[in-house]
Amino acid sequence: MFGWNWLISPCKILLAMEYDFQEIEKKWQKRWRARGSYKVEEVQGKEKFYVLDMFPYPSGAGLHVGHPLGYIASDIIARYKRHQGYNVLHPMGYDSFGLPAEQYAIETGQHPAITTENNIARYRQQLDQIGFCYDWDREVRTSEPSYYKWTQWIFSELFESWYNLDTDRAEPISSLEEKFTTNGTYNVNAAIDEHWWKLLTKEEFPFFSEHFSGEFTATDWKSLTDRQKQLILMHFRLTYLADSWVNWCPKLGTVLANDEVKDGRSERGGHPVEQKLMRQWSMRITAYADRLLRGLDTIDWSDSIKEIQRNWIGRSEGASIVFQVDSSDATIEVFTTRPDTVFGVAFVTLAPEHGLVDAVTTPDQKGAVTAYVNATKLKTERDRQSEQKSTGVFTGGYAVHPLTGKRIPIWIGDYVLASYGTGAVMAVPAGDQRDWDFAKTYNIAFTNIFEGVSVDESAHTEKTTPLRESSFLDGTCGKKATQLVVAKLEELGAGKGKVNFRLRDAVFSRQRYWGEPFPIFYKDGLPYVVDGQQVTLPDVDKYLPTEDGQPPLARAKKEDWNVFLGDHMEFNTMPGWAGSSWYFLRYMDPKNDQTFCAKDKAAYWGQVDLYMGGAEHATGHLLYSRFWTKFLFDRGYIAFDEPFKKMVNQGMILGRSNFVYRVIIDVKKVDESISDKEEWAASKEMEGFKRMDWAMRMNDTINSYCVSKEYVSDIEGSYVLSEDVYLKINQDLEKYNLALRSINRSLCISQIIRPNIDISFVDNDVLDVDSFKEKKIQFKNSKFIPGPDGKFRCSNEVEKMSKSKYNVQTPDELVERYGADTLRCYEMFLGPLEQHKPWDTKGITGVHGFLRKLWRLMHDQDNNLRVTDEAASADELKALHKTIRKVTEDLDRLSWNTVVSAMMIGVNELTDLKSSKRSILQPLVVLLSPYAPHLAEELWERLQGEGSVMDQMWPKWEEQYLVEANFTYPVSFNGKVRFKVDLPADMNAAEVEKAVMDNEKTPQYLEGKAPKKVIVVQGRIVNIVH
RNA sequence: GCCCGGGUGGUGAAAUGGUAGACACGAAGGACUUAAAAUCCUUUAGACAGCAAUGUCUGUGCGGGUUCAAGUCCCGCCCCGGGUACCA
């Protein structure tokens, strides 16, 4: 291919004689498939171990070397656990609904199912060649109707459930109806929007009076029509249809969940996102907020992910306080974490979107308020956040302080978010920096309520300062003051203690085609679950929204739907996280068409013991799957309420990009300057050039370039400088206080650019100029100027691996060149799994050499097996058992990288010992098999081991082979190691001390002083303090 | 700003409070070879002294501390990466 042809062909002949990885890997992959080696069944009584990878979205680009990192690590653990006798479930599948396939469909008209199918085939081929031990009979694809049938079923179950706060779990909606029928809302304590009843319309419920506050009797309930009952129940369901503020992304034509929005832009594509009120399906994840928080203490995940989830859930304790609007019935409810500062309230601020804005605005402020609200609407969330200064406007209205009865001005400010708390705050400038800033900006007077501190320069946010000007709170602070004030508020009915969460209910509708259709139809505007039949995705003529802005599914005609009920079907589809929220359960029972996962199988396999995946899903997938797991647990379908017992987040593999310096000659300038060529050749800049050996060549080239008219007329002509040349030129020009980029004028250089070079043409930073020029036409006519040694060296940089940076390293080439076993070992050898690290193939030869060395350990020069049944020597046993111990201990603490080193050391030692004993080599091969399964299997066969290497019991180390007769004690004086002394290992501390003190070298380091103290740590160190 | 990670040779890194730099890459030198590849051997943190074996000193981002002993634990900073943000 790219210039190693000359290198590969002679190599292959040689390699064929020894470690022929290509042959071996092909052979065993075929046999394992034929034997069904990775097939897994439930075996009662056999202990299980469930190792799971986050399943990939099958993108068109295929896998790069970063993807398999986690897969290899988990595969090693799966194989290791199998050696230890566990029944290991290690499945793989595809998260195959998603945007890219749909975008491609929009562009080309190709059905996303076809694109997806093709991409999956490519992924599968790439995965297969790396030798993973997946049980492919358990493969799942979220876009398969047989899979999403159950995603839809879970949705229906959520629809048919409500959250009972008294039992703290989800219950069937029928139990709620029963409560309503027997006792009305009495004793109903549900997770529900606090003021849900305000959303019931007068038209639907004409008999509910103005004073209706969400409470009704059994008689009331029974008198309602079915429609009215449904409208009420909708507010209690765990998935519900509601008008909510959503993140609307016009460019993508869909709404996004909070976790899909980063810095006010869509995570995919970076398009602007705006707030819009839309009727959408939502998931009542907030009902689980507290349990999601508490559950974190029971799972073994990284602290950082747990912390991200904690922050995302954002529990804060405080109080809700109600302010009566002056001369009105309306009330403003605020949430505060500092109820103790309530006497310092200087004003109340509403979010511009707050429902009461119109009501509290006085006629003379109307103009200003309307203008302000409209101006805010025009700004995106991002604009609002990036503004440094808070802005606002006075409404003219006043609220009444619940404790003092004082009139308090009501303002509107964009620092108050409609989506957090109640969308209104009580502003205490003395105790809150934002309120302080706002008060200063608009000159609002406020009281200092803190004893002995000044609030002239900034707010005072300490909670431990005694209060003043605070009526009955004077002199108290913190918890005590909070308790007092909450009790008082409750007594007055003006507020209560409250816990608030940042977590919002998750929007579940997407205005897209390639996703799960909802099992929902509408009649008279009310949604109903489709019963008894699965709704499959209908075909549409185009994958775009309709002219009137309806989602693509609205294009499907009645006959396109396999089920069509009521007035119309649901046009939205489910979001990407729907299918991935429960897939780990489906692997347990992937083909069941009676239920999502049989109860006994779920009971057998249980939680995922080790989950491997990226940390970027912290607030999406990882939170939603915990939520759905808890729900399925509540409803009795599974026996555990956390999906992933332990999780490891592999770090990103960064790409190593290569660059060249391309100097583009301005053709026009060349033409102009040909006449005064002499002049610029004599210029100061050229002096710098002439001083360089190879710059002379460049000088020549430039001359010839200028002379040759036809070359000049070719706009593709340019110089491409290697890094050496670029640096040298700059270095030399420095003497003249010049840089290459600044000498444009006289050299007719119009531009110097630094393009990324496709790394497949580069080996160890050296560019294969000929094949590169041949393949990349835009460089066809460029002159490449190499360094003094004739090699064209590129500069490099570490950045994210991406197609556009031409730094994507696919596993395919490496498997081709070194084999899957080498790739597997090398990816682990790179460093700690969790760390981000640059990909660099430099070291891969070392790992490949290790596998070769192992091969040679067992084979002679003619590639014949060289193994004997002689008894092993003590040294050989020691080398083996040392390796067993290190490999086992390191795998147990998931230290994948150090295992490779340990095996290298083992092989090096046994090579030095020229060990060829079967009793040594067989266990060694078992140790190797999780990392290099193909080679291990081949060697196992050659060693005439029984059965497959992957079913061998993991070797156990025996201390007896590890005991050393002697230990070399480092002897230190005042902590500095001075000499070493060899002593019997079983010598006790007192004897060691004596031996050291008697040592001839000891006096010289004591400098004549008497030792104050001698510390002997047996088998470790001796330290003499003097 | 706040919350998590991290900072060790030319490079990737190792080290459970106990000999810092294992293992590898790269580099330099050597053996084998017509040559190359492959393989093998030696050196490879820095500084100083010595013909040499060797010895001494410095050294894990910076400054303190605890300890017989600190890359590791504690306190205060600096830098890099990630998360998050008018969250009331």
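Lettering of chains follows the sequences in order, A, B, ..., and the numbering in each one begins at 1.
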base_contact_polar (B:rU19 base, A:Lys980 side chain, donor-acceptor, <3.5 Å): yes
Parallel, tilted or perpendicular, as decided by the 30° and 60° cut-offs, for the rings of A:Trp411 and A:Tyr442: tilted
Under 4.0 angstrom between A:Gln835 side-chain N/O and B:rA13 OP1 or OP2: yes
Integer-rounded Å distance: B:rU84 C1' and A:Ile313 CD1: 14 Å
Residue of the set A:Asp432, A:Ile332, A:Thr341 for which side-chain contact (heavy atoms from CB on, under 4.5 Å) holds with A:Met426: A:Thr341
Below 4.0 Å: OP1/OP2 of B:rA38 and any side-chain N or O of A:Arg856: no
d(CZ, A:Phe829; P, B:rC25) in whole Å: 8 Å
Residue whose nearest RNA chain B nucleotide is more 5′ - A:Ile905 or A:Ile1015: A:Ile905
Carboxylate-amine/guanidinium contact A:Lys496 A:Glu194, below 4.0 Å: yes
Sugar-phosphate only, base, or nothing, as touched by A:Ser304 at under 4.0 Å among non-hydrogen atoms: sugar-phosphate
Basic-acidic side-chain contact under 4.0 Å: A:Lys878, A:Glu964: yes
Residue A:Lys837, side-chain heavy atoms: nucleotide from B:rC68, B:rA13, B:rG26 that is nearest: B:rA13
Separation between the C1' atoms of B:rU19 and B:rC78, rounded to whole Å: 31 Å
With sequence neighbours excluded, residues passing side chain to side chain donor-acceptor pair (under 3.5 Å) with A:Glu959: A:Trp957
B:rA14 versus B:rG9 - spacing of their P atoms, nearest Å: 13 Å
A:Arg1020 CZ - B:rA20 P separation (whole Å): 13 Å
C1' atoms of B:rA13 and B:rU66, separation to the nearest Å: 30 Å
Presence of salt bridge, A:Arg310 and A:Asp303, under 4.0 angstrom: no
Nearest-angstrom distance, C1' atom, B:rA88 to B:rG82: 27 Å
RNA chain B: 5'-proximal contact among A:Asp432 and A:Val1022 (nearest heavy atom): A:Val1022
A:Arg502 side-chain N/O to B:rA85 phosphate OP1/OP2 under 4.0 Å: yes
Check nucleotides 56-59 of chain B for protein N or O atoms closer than 3.5 Å to its own N or O atoms and list the pairs.
residue	atom	partner	partner atom	Å
B:rU56	OP1	A:Tyr1005	OH	3.3
B:rC57	OP1	A:Arg978	NH2	3.3
B:rC57	OP2	A:Arg978	NH1	3.1

Pairwise P distance for B:rC25 and B:rC80, with rounding to whole Å: 33 Å
C1' spacing across the pair B:rG65 / B:rG17, given as an integer number of angstrom: 16 Å
side-chain N/O A:Arg852 vs B:rC40 OP1/OP2, d < 4.0 Å: no
Short side-chain N/O contact to B:rA14 OP1/OP2 from A:Asn897, under 4.0 Å: yes
Distance below 4.0 Å between A:Asn649 side-chain N/O and B:rG82 OP1 or OP2: no
Out of B:rA14, B:rG18, B:rA88, whichever nucleotide has its closest atom nearest the side chain of A:Asn1023: B:rG18
A:Phe343 and A:His401 aromatic ring geometry - parallel, tilted or perpendicular at 30°/60° bounds: parallel
Inter-nucleotide C1' distance (B:rG30, B:rU8), Å rounded: 31 Å
Side-chain N or O of A:Lys1013 closer than 4.0 Å to phosphate OP1/OP2 of B:rC68: yes
Integer-rounded Å distance: B:rA15 P and A:Glu889 CD: 12 Å
Watson-Crick or G-U wobble partner of B:rG21, both distances under 3.5 Å: none
Euclidean distance for P, B:rC75 against B:rG26 (whole angstrom): 43 Å
